[in-house]
Amino acid sequence: MSKFYITTPIYYVNAPPHLGHAITSVLADIVARYHRLSGKEVFFLTGTDEHGAKILRASEKAGREVSSFVVEIRESFRNLSPALNLSNDDFIYTPDKKRHWPGAQKLWQKLKEAGDIYKGKYKGLYCVGHEAFVTEKDLVGGKCADHDEKPQLIEEENYFFRLSKYTAEIKRRIESKELLILPESRRNEVLALMGEGLKDVSFSRPSQDISWGIPVPGDESQTMYVWCDALSNYISALGYGSEDETKFLKFWPADIHFIGKDILRFHAAIWPGMLLSAGLLLPRELVVTGMIQVGGRKMSKTLGNVADPFELVEHFGADAVRYYLSREVPVFDDGDFTQEKFSQAYEGNLVNGLGNYVQRISTMVRNYFDSRLEKPAEEEILKAPLKKGEVEYVSVPYFIEKIVFPEYKKTMDNLELNRASDAVFGLLKELDGYVQHYEPFHLIETDKEKTRVVLWNLAYGAVSLAWFLAPFLPQTSDKIFDIFGVVGKPQSEWNTFVVKEHKALFPRKL
RNA sequence: CGCGGGGUGGAGGAGUAGUACCUCGGGGGGCUCAUAACCCCCAGGCGCCGGUGCAAUUCCGGCCCCCGCAACCA
């Protein structure tokens, strides 16, 4: 059985999860489920990034001990899994001394042994109020936004990682697609960056400035900066650096790192550089998602337009949120969220579309055939074909197998999840049209046998929809299998359908 | 000249060198199994200016506008 290792980023715990985190996790989950369903041994990792000066300052501001301060937000990220039905196999967090630190420190050690760690001077803008370095972004009009003070340009000694040394090799891996970056435009962006040559990166800070972090092995006076601390989660979670590296040996390299475009540079430059230095394999693929905006604007706490995934789930259910995030928002481009768009998508495609379809078919089967439909003979099935265009006639199962499935598989394999979803909902549209064409609700009065064929095809269609949607809408998919009495049955055994009475799959919201 | 992505009917999206597609909304018709759902038809569009081509929304150049990134916001 082949393995498949997929990760989300580890999320920074400076605030509870918002829809942007949810979308990355949901997309990764859909891919994880898809590969699991196609028979691979999948390891799906998510987690949180909890170290750093920002977090320490936030905890101090709240008058809390930092180690307990982060737990709350960590737990809210962990709760994304039950809320959104994420199938992650593990959850890693950076302050975990037992599970994470050994891996991070071993990795550091490897880089050091490779001669790629050296002491250097870091020059930066230091804000006295923050007692830390700030970036240009923290400034408003040259002054620190929080303290209204002008930061000072100061120097301090810390460790650097010789990233520059690996520019050519990283570039080669990306160009040759040994390290595949999707979509193409992101790949180009990174390659353009490589063209300028990568600079060495600051890799640690004096621990007096940042005590909240992982100590540099062999030099307690320094704390690891984010790179080695956070990026190493992808291997520490597999046991790298621990006594038992079985999982690491089995699952590394990652088949896919799902990331947002905002952290592309770290994942396309620094992370591969570190892995090369340590003599480890590079991930096969970086999948770079767009950002989800709210009402056309970037989500921000200042604007007060942060969309809360938990609220949405509570109101609409996990599958509705998963639906929106995977279909109504493009995977690779920026998307937009508004309450109105969400409701519209919910009403249109889930309530009126999928929910209504399942309802009308199951009702007819119950009313006309006492809830039970035996599979008609093949030649009978051909007598109620699906009309495609003007002249082409195919049976429903044939259409699903030869037209829908290949399109679904192709787009899923290319991670064009919204297009795969399009293919499935396109099938739904065909099936609704098929109902209208044969009018089983009339046909039953004149030709019961043909009605049986028509309804059997429609039930087969419903179950097929459930099969296709399993990675996207796992709960709904299970419900549909249950309604048609084929829970746990492979496609080859979708012969007799025994239909149950059921509640609306997607209740209408007022 | 820091880097990059965009501008497609009322709205949101897809797409292509040659009849431009989908969803929602608007107008009309049909059906009644279904969660006032479903099916069919109609109106309306490729930011601006040049260039290359038999042909450009699609390729090239310029302009206008919007938006990201710029080394710890998915």
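Residue numbers start from 1 in every chain, and the chains themselves are labelled A, B, ... in the order their sequence lines are given, proteins ahead of strands. Quantities reported herein were computed from a predicted structural model and do not represent experimental measurements.
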Inset, instruction - Apply side chain to side chain donor-acceptor pair (under 3.5 Å) to A/T94 and A/H100, showing your working. - result: CA-CA 6 Å; A/T94 50; A/H100 178 62; 5.5 Å; no
Legend entry - Chi angles and distances behind the salt bridge (charged side-chain N to carboxylate O under 4.0 Å, His left out) call for A/R57, A/E60: CA-CA 5 Å; A/R57 290 203 301 268; A/E60 282 166 356; over 6 Å; no
Legend entry - side chain to side chain donor-acceptor pair (under 3.5 Å) evaluation trace for A/T476 with A/D319: CA-CA 7 Å; A/T476 304; A/D319 278 0; 2.6 Å; yes
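In this pair, A/Y11 and A/F77 present their aromatic rings parallel. The plane angle is below 30°, not in the 30 to 60° band.
Nucleotide B/rG29 holds its P atom 16 Å from the CD atom of A/Q436, rounded to whole Å. Rounded to whole Å, atom C1' of B/rC72 lies 16 Å from atom CH2 of A/W212. Rounded to whole Å, the distance from CD1 on A/I30 to P on B/rA74 is 19 Å. Here the C1' atom of nucleotide B/rA14 and the CD atom of A/E407 are 12 Å apart, to the nearest Å. One can place CD of A/E347 at 14 Å from P of B/rU35, the figure rounded to the nearest angstrom.
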Name the atoms and distances for all side-chain donor-acceptor pairs under 3.5 Å in residues 160-168 of chain A, with sequence neighbours left out.
from	atom 1	to	atom 2	distance (Å)
A/R162	NE	A/G115	O	3.4
A/S164	OG	A/D200	OD1	2.6
A/K165	NZ	A/D116	OD1	2.7
A/Y166	OH	A/D116	OD2	2.4
A/T167	OG1	A/S164	O	3.0
A/T167	OG1	A/L198	N	3.1

Side chains of residues 417-425 of chain A: which donor-acceptor pairs under 3.5 Å do they make with residues two or more places apart or in other chains?
from	atom 1	to	atom 2	distance (Å)
A/D422	OD1	A/R327	NE	2.8
A/D422	OD1	A/R327	NH2	3.0

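The shortest non-hydrogen separation linking A/A320 to A/L350 is CA-CD1, 3.8 Å. Here the closest heavy-atom approach between residue A/S362 and residue A/I483 is recorded as CB-CG2, 4.1 Å.
Residues A/P283 and A/I256 have side chains not in contact (no heavy-atom distance under 4.5 Å, counting atoms from C-beta outward). You'll find the side chain of A/V321 stays beyond 4.5 Å of the side chain of A/V26, heavy atoms only. Side-chain contact between A/F316 and A/S343: present, with at least one pair of heavy atoms (C-beta onward) separated by less than 4.5 Å.
Under the rule for a side chain to side chain donor-acceptor pair (under 3.5 Å), A/Q436 has no partner lying at least two apart in sequence or in another chain. For A/Y357, there are no ring-ring contact (aromatic ring centres under 6.0 Å, His included) partners, not counting sequence neighbours. Residues satisfying the ring-ring contact (aromatic ring centres under 6.0 Å, His included) test with A/Y324, not counting sequence neighbours, are A/F337, A/F342.
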Any protein N or O atoms within reach of nucleotides 2-13 of chain B? Criterion: under 3.5 Å, listing atom names and distances.
none

Protein-nucleotides 41-44 of chain B N/O pairs under 3.5 Å:
none

Measure all distances between protein nitrogen or oxygen atoms and nitrogen or oxygen atoms of nucleotides 23-28 of chain B, and list the pairs falling under 3.5 Å.
from	atom 1	to	atom 2	distance (Å)
B/rU23	OP1	A/K429	NZ	3.4
B/rC24	O2'	A/Q344	NE2	3.0

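In the set B/rC31, B/rC73, B/rC72, B/rC31 carries the atom at the smallest distance from any side-chain atom of A/E439. The side chain of A/Y11 lies closest to B/rA74, out of B/rA74, B/rC33, B/rC72. Here B/rC73 is the nucleotide among B/rG68, B/rC73, B/rA34 with the atom lying nearest to any side-chain atom of A/H21. Among B/rC72, B/rC33, B/rA71, the nucleotide with an atom closest to any side-chain atom of A/V226 is B/rC72.
For the pair A/H442 and B/rC31, the criterion of a side-chain N or O lying under 4.0 Å from OP1 or OP2 is not met.
Sorted by first and then second residue, the salt bridge (Lys or Arg N to Asp or Glu O under 4.0 Å) pairs involving residues 14-33 of chain A (not counting sequence neighbours) are A/D29-A/R33, A/D29-A/R322.
B/rC46 and B/rG13 have their C1' atoms separated by 14 Å, with the value rounded to a whole Å. Here, B/rG15 and B/rU23 have their C1' atoms 15 Å apart, quoted to the whole Å. Using atom P as the reference point in both B/rU19 and B/rU57, the two lie 11 Å apart (nearest Å).
With values rounded to the nearest 0.5 angstrom, A/F266 atom CZ is found 8.5 Å from A/L231 atom CG. To the nearest 0.5 Å, atoms CD1 (A/I361) and OH (A/Y460) are separated by 15.5 Å.
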Legend entry - Dot-bracket encoding per residue of RNA chain B, Watson-Crick/G-U cut-off under 3.5 Å, | denoting interstrand: .((((((..((((....[..)))).(((((.......)))))....(((((..]....))))))))))).....
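For A/E169, the CD atom is densely surrounded, since the number of other residues' heavy atoms within 6.0 Å is greater than 12.
As judged by a 4.0 angstrom heavy-atom cut-off over every strand, A/Y368 is placed among residues touching the sugar-phosphate backbone only. Within 4.0 Å of A/P9, counting heavy atoms only, lie sugar-phosphate atoms of the nucleic acid but no base atom. Within the 4.0 angstrom heavy-atom criterion, base atoms lie near A/A504. Looking at heavy-atom distances under 4.0 Å, A/K199 makes contact with a base.
Judged by distance alone, the side chain of A/S236 and the main-chain N or O of A/G103 form no donor-acceptor pair under 3.5 Å.
Each of A/L163 and A/P507 was matched to the nucleotide of RNA chain B holding its nearest heavy atom; the match closer to the 5' end belongs to A/P507. Place A/L198 and A/M364 on RNA chain B by their nearest nucleotides, and A/M364 ends up nearer the 5' end.
Residues from residues 351-362 of chain A lying near RNA chain B, meaning a heavy-atom separation below 4.0 Å, are A/V351, A/N352, A/G355, A/N356, A/Q359, A/R360 in numerical order. Interface residues of residues 447-457 of chain A facing RNA chain B, ordered by number: none; criterion, heavy-atom separation under 4.0 Å.
Checked by atom type, the side-chain pair A/Y346/A/H315 shows no donor-acceptor distance below 3.5 Å.
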